[in-house]
Amino acid sequence: MIDLIEWLEPKARIAIIAFHSLDPDGFVLAPLPNLLYQRDTSCWIYGGVSINAMRKQARIRESVTGEAIYRWHPMFAGAGFEVWYHGADAAPATIEGGDVLVLGNGAVLVGMSERTTPQAVEVLAHRLFAAGAARCLVAIDMPKTRAFMHLDTLLTMADHGVFTKYAGMGMLPSYTVEPGASAHELKVTDHPPQDMHSAIAAALDLPAITVLTAVQDVRSAQREQWDDGCNVLAIEPGVVIAYERNVTTNAYLRDNGIEVITVPGGELGRGRGGPRCMSCPIERDA
């Protein structure tokens, strides 16, 4: 800290009150926050990125850091990609990437959870439709509890039209959102809980989807869900990465034709993040 102050020009030091008031052990800038679960703070949707507005105060700075990188780092500045959502300007209309699943075929699936608001989903839909990046969005109205934190802790895609789903999720109300008659309008179609799966299938132009839910007792199902048993990362159609500790779910997926590559979870699952949550780094190998 002293070296940094000595490095500054004397006139600059005089002009900056913060340096005058800084104690010997003080930080010029606060330490950077944890960026382990990067998909939550920014997620790519077709040709652009959503820089998300986080619900919890402790995670807001993660989005601020991400937005600074996307806006000014030479890798991204002037790169010409779309930004669907600017988290720094969006709160209290919060949205987190764990609630956003890109289905393909121009469709997006979003969970309205304790972290993602309907208002944020509406803003996202408007921007995707205005750019022609998506043709429909299906929103699922989830319970607003920590156990149902994000959609991808309950439901993820394992293959074309194939999903793994937590037994305790059940069937929930859903809404198909499409472009409206004008640029300022959205067409919203309500679906009762029993039609949730068919609404997702329609978004994919499929007659039906396959939903894989391992058969197990209630306590075992809750334990595996808490350890992100349904939070699998599809690395190609029919091939997923999952935590090895979720033995029953993994065996059930294999029995139904899904190749499961297991990785040690350690204590990561206790932090409420699965393989999918850690799969959206800002820089990745080709």
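This chain uses plain numbering: 1 for the first residue, then up along the sequence.
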Gln57 atom CD, over 12 foreign heavy atoms within 6.0 Å:
no
Could you check Met142 against Leu155 for side chain to side chain contact (heavy atoms under 4.5 Å, CB included), going step by step and ending with a plain yes or no?
CA-CA 11 Å; Met142 296 166 51; Leu155 178 80; over 6 Å; no
In one Ile/Leu/Val/Met/Phe/Trp/Tyr side-chain cluster, 4.5 Å: Met169, Val218:
no
Can you tell me how far apart SG (Cys43) and CH2 (Trp84) are? Round to the nearest 0.5 Å.
12.0 Å
Side chain to side chain, Tyr37 and Met278, heavy atoms closer than 4.5 Å
yes
Show the numbers, then the answer: is there a side chain to side chain contact (heavy atoms under 4.5 Å, CB included) between Cys230 and Thr164?
CA-CA 6 Å; Cys230 294; Thr164 178; 4.2 Å; yes
Whether the side chain of Lys187 engages the backbone of Thr176 through a donor-acceptor N/O pair (distance < 3.5 Å, no angle test) should be reported.
no
Gly26 backbone acceptor or donor facing Asp23 side chain under 3.5 Å:
yes
dist Cys277:SG -> Gln38:CD (nearest 0.5 Å) comes out at 12.0 Å
So, taking the atom named CD in Glu259 and the one named CD in Glu236, what distance separates them when rounded to the nearest 0.5 Å?
7.0 Å
Indicate, with yes or no, if Ile235 and Leu253 share a hydrophobic cluster defined by side-chain heavy-atom contacts under 4.5 Å among Ile, Leu, Val, Met, Phe, Trp and Tyr.
no
Go through it in stages, so that I can follow the logic: the residues are Ile69 and Phe76, the test is side chain to side chain contact (heavy atoms under 4.5 Å, CB included), and I'd like the CA-CA distance, side-chain angles, deciding distance and then a yes or no.
CA-CA 7 Å; Ile69 293 170; Phe76 298 101; 4.0 Å; yes
Contact summary for Phe129 and Leu137, nearest pair of heavy atoms:
CZ-N, 4.1 Å
With hydrophobic residues grouped by side-chain heavy-atom distances under 4.5 Å, do Tyr175 and Leu172 end up in a single group?
no
Would the distance check show the side chain of Glu82 and the main-chain N or O of Ala131 forming a donor-acceptor pair, the cut-off being under 3.5 Å?
no
Show your working on side chain to side chain contact (heavy atoms under 4.5 Å, CB included) between Arg135 and Glu178 and close with a plain yes or no.
CA-CA 6 Å; Arg135 59 177 186 80; Glu178 299 169 288; 5.8 Å; no
Flag side-chain contact, heavy atom, 4.5 Å: Tyr252 against Ile258:
no
CZ on Arg254 to CG on Leu212, rounded to 0.5 Å
13.5 Å
Answer yes or no: is there a side-chain heavy-atom contact under 4.5 Å between Pro275 and Asn231?
yes
His150 and Arg39, any side-chain heavy atoms less than 4.5 Å apart:
no
Tell me the closest heavy-atom pair linking Phe148 and Thr153, and the distance in Å.
C-OG1, 4.4 Å
Closest approach of Arg59 to Asp40 (non-hydrogen atoms, all atoms of both residues)
NH1-OD2, 2.9 Å
With a 4.5 Å limit on heavy-atom distance, are the side chains of Val110 and Leu151 in contact?
no
Considering only heavy atoms from C-beta outward, does the side chain of Thr249 approach that of Gln216 to under 4.5 Å?
yes
Verify same cluster id: Ile51, Tyr46 (apolar side-chain graph, 4.5 Å)
no
Should the heavy atoms of other residues, nucleotides or ligands under 6.0 Å from NE2 of His160 be counted, would the total exceed 12?
no
Are any side-chain N or O atoms of Asp217 and backbone N or O atoms of Arg219, one a donor and one an acceptor, separated by less than 3.5 Å?
yes
Write down the atom of Val138, the atom of Ala199, and the distance for their closest heavy-atom approach.
CG2-O, 4.0 Å
Rounded distance [0.5 Å steps], OG in Ser113 versus CZ in Arg55
9.0 Å
Quick one, Val121 and Pro118 - any side-chain contact, counting heavy atoms below 4.5 Å?
no
Would a single hydrophobic cluster contain both Tyr243 and Ile241, if residues Ile, Leu, Val, Met, Phe, Trp and Tyr are joined by side-chain heavy-atom contacts under 4.5 Å?
yes
Distance-only side-chain donor-acceptor flag, Arg115 / Thr94, under 3.5 Å
no
Surrounding NZ of Lys144 (heavy atoms of other residues, nucleotides or ligands, distance under 6.0 Å), is the total greater than 12?
yes
Let me confirm one number: the CE-OG distance from Met54 to Ser42, rounded to the nearest 0.5 Å.
9.5 Å
Shortest non-hydrogen separation from Pro31 to Arg61 and the atoms involved:
O-NH2, 2.5 Å
A side-chain contact here means heavy atoms from C-beta on lying under 4.5 Å apart; do Thr65 and Pro33 qualify?
yes
If you look at every heavy atom in Cys136 and Ala203, which pair is closest and at what distance?
SG-CB, 3.7 Å
